[in-house]
Undergrad: 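Got a structure for you, questions after.
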Amino acid sequence: MNERRKPYPFDQIEPKWQAAWDKDRSFHAPNPSEENFDPAKPKYYVLDMFPYPSGAGLHVGHPEGYTATDIVARYKRLRGFNVLHPMGWDAFGLPAEQYAIKTGQHPVITTRDNVAKFKSQLKRIGFSYDWEREVNTTDPAYYKWTQWIFLQIYDSWFNPETKTAEPISNYQGADPDGVRLAYVAEVPVNWCQELGTVLANEEVVDGKSEVGGFPVVRRPMRQWMLRITAFADRLVEELESLDWPESIKALQKNWIGRSEGAEISFPVVGVDDNITVFTTRPDTIYGATYMVLAPENPLVDQITTEEQRKSIESYRAGIATKSDLERTDLAKEKTGAFTGASATNPANGEPIPIWIADYVLMGYGTGAIMGVPAHDERDLEFARQFGLAVLPVVQAPGKTPEESIGYTDVGVAINSPLLNGLSRAEATTRIIDWLEQNGHGRRDIRYKLRDWLFSRQRYWGEPFPVIWRNGKHEALPESELPLEPPALEDFKPTGTGEPPLAKAKDWIRYSDGASRETNTMPQWAGSCWYYLRFCDPRNDQRFVGEEPERYWMGGGKPGGVDLYIGGVEHAVLHLLYARFWHKVLFDLGYLSTPEPFQRLVNQGMILGEDGRKMSKRWGNVIDPIDVIEIYGADAFRCYEMFMGPLEQMKPWSMKGVEGVSRFLARVWRLIMEENQAGEWVLSGEVQEVEPRKSELKVLHATIKKVSGDIETLSLNTAISQMMILVNALTNAPAKSVSALRSLLVLLNPFAPHLTSELWQTLAEKFPGVGASITEQRWPEHDERLLIEDEIEIVLQVNGKLRDKITVALDATDAALEAAALANKKVQNAVGGQTIRKVVVVPKKLVNVVTG
RNA sequence: GCCGAUGUGGCGAAAUGGCAGACGCAACGGACUUAAAAUCCGUUGGGCUUAAACGGCCCGUGCCGGUUCGAGUCCGGCCAUCGGCACCA
């Protein structure tokens with residue numbers, strides 16, 4: 001392979017400037033108490049979702065979001081902001097541990113190597129991170145505070161009166177352990193045998209583990225849970241004020257799944273017990289013709305009659321062997337079994353049979369429903385399957401309205417004695433009031449969201465700062481943090497559900513009979529608060545100092561992280577968990593804003609050149625470092641932004657990279673030329689002259705467009721506009737130093753190395769240019785220069801373009817109309833038709849309407 | 001089924017209700033060169049008309065309809081693709 005001639009010497013200038021930025025601490029953001037802190041500067045916090053440093057290194061998806069934030073960070077600095085733009089490592093997790101199991105190499109070592117690799121790769125792209133703020137979730141100095149935050153959660157409860165988290169010491173009830181925000185419960189959990197651990201609902205996709213795609217089964221286990229459900233309402237409501245994509249808001253709302261309705265009690269005939277159901281349609285109670293319990297519902301044992309016991313037991317046994325996937329298969333027929341018992345419909349006193357069926361889930365509502373075939377498709381299907389009573393709905397064929405149930409075509413209820421004549425909304429209110437007054441039920445809200453299963457049976461995670469004494473848990477004293485995991489030879493999961501840490505007998509022993517918790521926290525723990533640590537990463541007294549927190553998170557309106565960019569895959573995982581922790585810490589008085597991330601943007605996935613998802617399987621994976629070798633980091637950055645809208649999914653194109661690389665080379669040759677010896681020197685065409693009028697116009701149009709486009713993250717069109725400018729300047733006989741100065745500052749956030757080098761070269765010959773490009777001010781556009789004295793007017797007949805004419809800027813409407821009517825092409829198009837109307841849009845067009 | 005996003009040239013894509021296709025890729029033609037690469041200049045949505053050029057005309061933003069002097073853009077109804085949720089009562 002012969003050496004490809006480089007379009008400009010990026011291989012020399014890129015390492016040079018990266019080293020210079022490091023040496024000069026160019027991108028260090030001082031905190032309020034530090035020297036060089038300028039209180040006059042507004043703050044801007046721009047954050048990337050920090051990566052898991054895998055052994056494979058960066059792929060092209062990482063730098064997409066990172067480049068966008070880097071452009072914004074550099075732009076805001078030039079605009080005079082104090083910019084917080086940090087990077088760190090989310091380094092606990094399965095791959096490092098699995099690698100350890102395979103090779104025996106400790107995850108600390110693998111993590112260190114992988115971080116070093118990631119960091120050197122990120123540096124090669126020229127990101128302007130403040131590396132002095134680097135954090136690593138696996139660093140004891142970091143997870144000390146993860147453990148500390150867990151203890152704050154453990155020591156809190158949710159006060160339903162104030163709807164906030166409060167210290168457990170405020171709790172007046174008898175059983176504080178029953179209300180803690182972190183608690184232990186024996187619950188059916190998602191157990192993954194292959195991974196040897198339990199998983200959160202959010203980590204299970206289609207009955208398989210999100211990591212690895214291994215089967216997941218339901219199994220009751222004692223686990224640590226976080227009471228995220230207490231915050232369900234606030235997590236939904238407070239989404240409203242956030243500048244997030246609607247799709248992400250919808251995903252979170254959907255996941256939380258709030259539904260309003262009522263709880264209704266049905267007395268069981270002949271047994272001193274009630275079956276409580278949750279329904280969103282209490283107004284349909286008159287149509288309830290049977291009840292269904294989930295097969296796992298403990299009430300089943302109490303109410304089943306002797307004759308039916310056998311058939312109930314065999315049905316339950318059949319269900320138990322089924323996976324969640326089989327159970328929830330929508331295509332299958334309804335199954336169920338009769339308990340022999342019946343219940344009384346509280347609304348009309350009618351006895352109705354009680355069944356069990358697997359279409360009713362123990363995990364939602366009360367694990368029991370009232371069957372209303374007239375209103376619910378699933379109930380109807382079940383009733384038909386088993387020949388249960390189905391009340392005809394309004395105007396069913398062959399039925400008179402008198403025999404029917406439901407709402408008439410004018411929307412009022414019939415054959416529902418308490419509700420007749422009411423609208424659906426009125427009927428719902430009326431029936432709930434009636435149920436409440438008569439002790440049959442109450443208004444209720446239910447959520448799909450479950451409490452967060454927070455413990456894992458893995459080695460490579462934060463140990464819980466908890467000890468057990470006489471079967472009861474208690475907090476480890478704060479002075480003993482960080483609690484480091486024991487040194488282990490064998491990291492393997494035990495396979496039984498007992499955590500690997502249980503093998504470290506010495507470590508477990510705490511003191512006089514007390515022992516340590518052996519579960520570890522899930523990977524999400526460290527990422528729940530890293531954005532806070534970035535504000536004050538070296539503080540060893542507090543998880544974040546009050547002043548830095550107030551400045552970076554509280555300052556400005558409305559506060560929080562000003563811009564957060566990352567992948568959509570975290571919509572219901574990281575982004576929900578972090579909001580939850582943030583709210584707890586906010587309630588406890590540690591934070592100044594109720595929400596962590598004010599503006600969120602998701603970058604779209606980059607596909608392979610073949611339009612498929614990049615994967616080893618298709619052989620279409622692009623390695624960013626390979627691209628940088630050939631085209632340089634600036635071309636790589638610009639191409640990733642030029643591909644298309646940031647949020648959109650789009651395929652990679654090497655030809656596209658080449659096009660952008662050509663553009664950067666044109667910028668280079670605008671200022672540089674090769675001398676006889678083949679060295680690049682300042683071009684003789686660069687002169688201290690005023691730009692021509694046409695150049696000034698396109699320059700100022702570019703300043704305006706690029707500034708606006710960076711604010712809205714329309715980075716592809718910002719680059720287009722700079723291409724237009726460069727094309728215009730290339731055609732100019734003399735290259736004006738002042739125009740080049742502006743161009744370089746505009747392009748600097750996108751191509752920082754190239755512009756830094758060119759700036760330096762310019763400044764050597766023309767001292768007025770100014771020392772360092774990173775210390776320049778962003779140019780302002782002059783609206784007056786954009787105004788033309790002659791403008792083009794579009795002439796239309798009936799909305800169709802017929803001609804264009806050039807007129808003076810100050811031409812009156814009447815003059816425009818006259819010019820249009822005098823135009824030959826307009827006259828041709830009008831023909832003999834009468835002119836009904838002439839629409840004149842000043843400075844734009846004239847539309848002649850005939851009729 | 002429900003929720004959300006997206007449909008524009010050969011391709012990636014642009015267009016505050018006002019010239020559809022900016023910018024880039026690819027393709028084609030030209031300049032430079034012994035030649036190639038690189039670079040520079042030009043053409044490029046489809047069709048019809050014309051011997052050719054100039055010009056002229058028609059069609060065109062997933063489909064059907066509506067609002068408007070004017071719709072890629074707004075409204076209503078469909079279709080397709082992608083993503084999420086899903087016997088959630």
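Per chain, numbering begins at 1; letters A, B, ... match sequence-line order. Because only heavy atoms are used, hydrogens play no part in the values below, and waters and symmetry mates are left out as well, while side chains stay in. Just so it is clear, the structure is predicted and the values come from calculations on it, not from any experiment.
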Undergrad: Expressed in angstrom and rounded to an integer, what is the separation of A/Asp709 atom CG from B/rA13 atom P?
TA: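 The distance from CG of A/Asp709 to P of B/rA13 comes to 17 Å, rounded to the nearest Å.
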Undergrad: For B/rC19, does the base pair up with any side-chain atom of A/Lys804 as donor and acceptor (N or O, under 3.5 Å, distance only)?
TA: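 When only heavy-atom distances are counted, A/Lys804 does reach the base of B/rC19 through a donor-acceptor pair under 3.5 Å.
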Undergrad: Distance between the P atoms of B/rA20 and B/rG62, in whole angstroms?
TA: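 My reading of the P atoms in B/rA20 and B/rG62 gives 16 Å.
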Undergrad: Under a 3.5 Å limit for both distances, which nucleotide forms a Watson-Crick or G-U wobble pair with B/rC40, could you say?
TA: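 Across any shown strand, B/rC40 pairs with B/rG30.
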Undergrad: Quickly work out the A/Leu646 CG to B/rA14 P distance and round it to whole Å.
TA: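 Those two atoms, CG and P, are 12 Å apart.
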Undergrad: Rounded to whole angstrom, note down the C1' distance from B/rC79 over to B/rU43.
TA: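 Approximately 37 Å lies between the C1' atom of B/rC79 and that of B/rU43.
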Undergrad: Checking all strands, does A/Arg662 fall into the base, sugar-phosphate, or nothing category for heavy-atom contacts under 4.0 angstrom?
TA: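 The answer is sugar-phosphate, as A/Arg662 gets under 4.0 Å only of primed atoms, P, OP1 or OP2.
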Undergrad: Describe the nucleic acid contact of A/Lys655 in one word from base, sugar-phosphate, nothing, applying a heavy-atom distance below 4.0 Å.
TA: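 Touches sugar-phosphate only.
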Undergrad: Classify A/Asn727 by what it touches in the nucleic acid, base, sugar-phosphate, or nothing, heavy-atom distance under 4.0 Å.
TA: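 Sugar-phosphate, no base atom in range.
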Undergrad: So how far is it from A/Asp243 CG to A/Leu600 CG, rounded to the nearest 0.5 Å?
TA: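 Spacing of CG (A/Asp243) from CG (A/Leu600) equals 9.0 Å.
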Undergrad: Within the 4.0 Å heavy-atom criterion, would you say A/Gly659 contacts the bases, only the backbone, or no part of the nucleic acid?
TA: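 A/Gly659: backbone/sugar contact only, no base atoms under 4.0 Å.
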Undergrad: Any base atoms under 4.0 Å from A/Glu377, or only sugar-phosphate, or nothing? Heavy atoms, all strands.
TA: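 No contact.
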Undergrad: On RNA chain B, compare the nucleotides closest to A/Gln796 and A/Ile719; which residue's is nearer the 5' end?
TA: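 It is A/Gln796 whose nearest nucleotide is closer to the 5' end.
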Undergrad: Under a 3.5 Å cut-off for both contacts, is B/rA35 paired Watson-Crick or G-U wobble with anything, and if yes, with which nucleotide?
TA: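 Its partner: none found.
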Undergrad: At 4.0 Å (heavy atoms only), tell me whether A/Arg450 reaches a base, stays on the sugar-phosphate, or touches nothing.
TA: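 Here A/Arg450 touches no strand at all.
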Undergrad: For B/rA86, which nucleotide in any strand shown is its Watson-Crick or wobble partner with both distances under 3.5 Å?
TA: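 Looking at the geometry, B/rA86 pairs with no nucleotide.
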Undergrad: Starting from the 5' end of RNA chain B, give me the residue, A/Val794 or A/Ala250, whose nearest nucleotide shows up first.
TA: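 Upstream on the strand: A/Ala250.
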Undergrad: Tell me the interatomic distance from A/Glu263, atom CD, to B/rA89, atom C1', rounded to whole angstroms.
TA: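 Result: 13 Å.
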Undergrad: Can you tell me whether the side chain of A/Glu381 and the base of B/rC87 have a donor-acceptor pair closer than 3.5 Å?
TA: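 A donor-acceptor contact between them is absent.
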Undergrad: When the distance from OH of A/Tyr639 to P of B/rG24 is rounded to whole Å, what number comes out?
TA: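 Going from OH in A/Tyr639 over to P in B/rG24 covers 15 Å.
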Undergrad: Under 6.0 Å between the ring centres of A/Phe382 and A/Tyr290?
TA: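 Yes.
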Undergrad: For B/rA13 and B/rU8, measure between their C1' atoms and round to the nearest Å.
TA: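 Per the computed distance, 9 Å lies between those C1' atoms.
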Undergrad: Scan A/Val849 against the nucleic acid and name what it touches under 4.0 Å (heavy atoms): base, sugar-phosphate only, or nothing.
TA: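 Contact class for A/Val849: sugar-phosphate only.
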Undergrad: A/Gln603 vs A/Glu647, test: side-chain contact (heavy atoms from CB on, under 4.5 Å). Steps then yes/no.
TA: CA-CA 4 Å; A/Gln603 84 268 23; A/Glu647 299 89 334; over 6 Å; no
Undergrad: Check the chi torsion on B/rG17 and let me know: syn if it falls within 90° of 0, anti if not.
TA: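 Anti conformation for B/rG17.
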Undergrad: So A/Asn847, base contact, sugar-phosphate only, or nothing? Heavy-atom distance under 4.0 Å.
TA: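 The residue A/Asn847 makes base contact.
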Undergrad: Would you please test A/Glu695 and A/Leu725 for side-chain contact (heavy atoms from CB on, under 4.5 Å) and show each step?
TA: CA-CA 8 Å; A/Glu695 290 163 44; A/Leu725 173 61; over 6 Å; no
Undergrad: Separation of A/Leu251 atom CG from B/rG84 atom C1', in whole Å?
TA: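 Result: 5 Å.
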Undergrad: Applying the Watson-Crick and G-U wobble criteria at under 3.5 Å, what pairs with B/rC78? Answer none if nothing qualifies.
TA: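 The base-pairing partner of B/rC78, which may sit in any strand shown, is B/rG62.
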Undergrad: Need one value for A/Thr717: base, sugar-phosphate or nothing, where a base atom within 4.0 Å counts as base even if backbone is also close, heavy atoms only.
TA: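 Touches sugar-phosphate only.
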Undergrad: Could you please name the option among B/rG12, B/rC82, B/rA89 that lies closest to any side-chain atom of A/Leu361?
TA: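 The answer is B/rA89, which lies nearest to the side chain.
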Undergrad: Rounded to whole angstroms, how far apart are NZ on A/Lys844 and C1' on B/rC69?
TA: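 For the pair A/Lys844 NZ and B/rC69 C1', the rounded distance is 16 Å.
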Undergrad: Looking across every strand, which nucleic acid part, if any, lies under 4.0 Å from A/Asn828 by heavy atom: base, sugar-phosphate, or nothing?
TA: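 Answer is nothing: A/Asn828 stays at 4.0 Å or more from every strand.
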Undergrad: Nearest to the A/Leu801 side chain among B/rC19, B/rG24, B/rC69, which nucleotide is it?
TA: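 My answer, after comparing the listed nucleotides, is B/rC19.
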Undergrad: Do the side-chain N or O atoms of A/Arg666 get closer than 4.0 angstrom to the phosphate oxygens (OP1, OP2) of B/rC40?
TA: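 A/Arg666 to B/rC40 OP1/OP2: side-chain N or O found under 4.0 Å.
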Undergrad: Could you measure between the two P atoms, the one in B/rC78 and the one in B/rG84, and give it in whole Å?
TA: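 One P to the other, the span is 25 Å.
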Undergrad: What's the verdict on side-chain contact (heavy atoms from CB on, under 4.5 Å) for A/Phe663 and A/Leu747, showing C-alpha distance, side-chain angles and the deciding distance?
TA: CA-CA 12 Å; A/Phe663 159 65; A/Leu747 185 58; 4.2 Å; yes
Undergrad: Please classify the nucleic acid contact of A/Lys843 as base, sugar-phosphate, or nothing, using heavy-atom distances under 4.0 Å.
TA: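 No contact.
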Undergrad: How close or far is atom C1' of B/rC2 from atom NZ of A/Lys253, stated in whole angstroms?
TA: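 After rounding, the gap between these two atoms is 15 Å.
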Undergrad: Regarding A/Arg836, tell me which of base, sugar-phosphate or nothing describes its non-hydrogen contacts under 4.0 Å with the strands shown.
TA: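 Result for A/Arg836 = nothing.
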Undergrad: Centroid separation under 6.0 Å, is that true for the rings of A/Phe10 and A/Trp668?
TA: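 No, ring centres 6.0 Å or more apart.
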Undergrad: Say you pick atom P in B/rG9 and the same atom in B/rU61; how far apart are they, in whole Å?
TA: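 Going atom to atom, P in each nucleotide, I get 9 Å.
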Undergrad: Against the six-membered ring of A/Phe278, is A/Arg446 placed for a cation-pi contact (under 6.0 Å from the centre, within 45° of the normal)?
TA: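 Yes, a cation-pi geometry holds between A/Arg446 and A/Phe278.
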Undergrad: Would you indicate, yes or no, if B/rC40 has its OP1 or OP2 atom less than 4.0 angstrom from a side-chain nitrogen or oxygen of A/Thr730?
TA: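 Checking B/rC40 against A/Thr730, no side-chain N or O comes under 4.0 Å of OP1 or OP2.
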Undergrad: Taking only the side-chain heavy atoms of A/Asn716 (C-beta and beyond), determine which of B/rU39, B/rC82, B/rA14 contains the nearest atom.
TA: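 Nearest listed nucleotide: B/rA14.
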Undergrad: Just compare B/rA89, B/rC40, B/rC87 and give me whichever is closest to any side-chain atom of A/Asp358.
TA: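 My answer, after comparing the listed nucleotides, is B/rC87.
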Undergrad: Among B/rA89, B/rC57, B/rC23, which nucleotide sits nearest the side chain of A/Thr279?
TA: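 Given the options B/rA89, B/rC57, B/rC23, the side chain of A/Thr279 is closest to B/rA89.
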Undergrad: If you measure from the Lys or Arg side-chain nitrogens to the Asp or Glu carboxylate oxygens, is any gap between A/Glu246 and A/Lys253 under 4.0 Å?
TA: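 A/Lys253 and A/Glu246: not salt-bridged.
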Undergrad: Between B/rA86 and A/Asn254, is there an OP1 or OP2 to side-chain N/O distance shorter than 4.0 Å?
TA: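 No.
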Undergrad: Tell me what A/Gln648 touches on the nucleic acid: a base, only sugar-phosphate, or nothing, going by heavy atoms under 4.0 Å.
TA: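 Sugar-phosphate, no base atom in range.
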Undergrad: Is A/Asn731 close enough to B/rC41 that one of its side-chain N or O atoms is under 4.0 Å from OP1 or OP2 there?
TA: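 Checking B/rC41 against A/Asn731, a side-chain N or O does come within under 4.0 Å of OP1 or OP2.
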Undergrad: Mind checking A/Lys249 for me? I need base, sugar-phosphate or nothing, with any heavy atom below 4.0 Å counting as a touch.
TA: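 Touches nothing.
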Undergrad: Any strand counts, and the cut-off is 3.5 Å on both contacts for Watson-Crick or G-U wobble. Which nucleotide pairs with B/rG55?
TA: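 WC or wobble partner is B/rU49.
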Undergrad: Evaluate the ring planes of A/Trp355 and A/Phe338, with Trp represented by its six-membered ring, and classify them as parallel (under 30°), tilted (30 to 60°) or perpendicular (over 60°).
TA: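 Correct class here is tilted.
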Undergrad: Check the orientation of A/Phe636 and A/Trp652. Use parallel for under 30°, tilted for 30 to 60°, and perpendicular for over 60°.
TA: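 A/Phe636 vs A/Trp652 ring planes: tilted.
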Undergrad: Sticking with atom P, work out how far B/rU81 lies from B/rC28, rounded to a whole angstrom.
TA: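 Those two atoms are separated by 35 Å.
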Undergrad: For the base of B/rA22, is there a side-chain donor-acceptor partner from A/Ser720 under 3.5 Å away?
TA: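 Yes, the side chain and the base share a sub-3.5 Å donor-acceptor pair.
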Undergrad: Which whole number of Å gives the distance between the C1' atom of B/rG60 and that of B/rG72?
TA: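 Those two atoms are separated by 11 Å.
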Undergrad: Taking only the P atom of each, what is the distance from B/rU44 to B/rC23 in whole angstrom?
TA: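 Pairwise P distance, B/rU44 against B/rC23, rounds to 12 Å.
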Undergrad: How many whole angstroms separate atom OH of A/Tyr359 from atom P of B/rA86?
TA: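 Between P of B/rA86 and OH of A/Tyr359: 19 Å.
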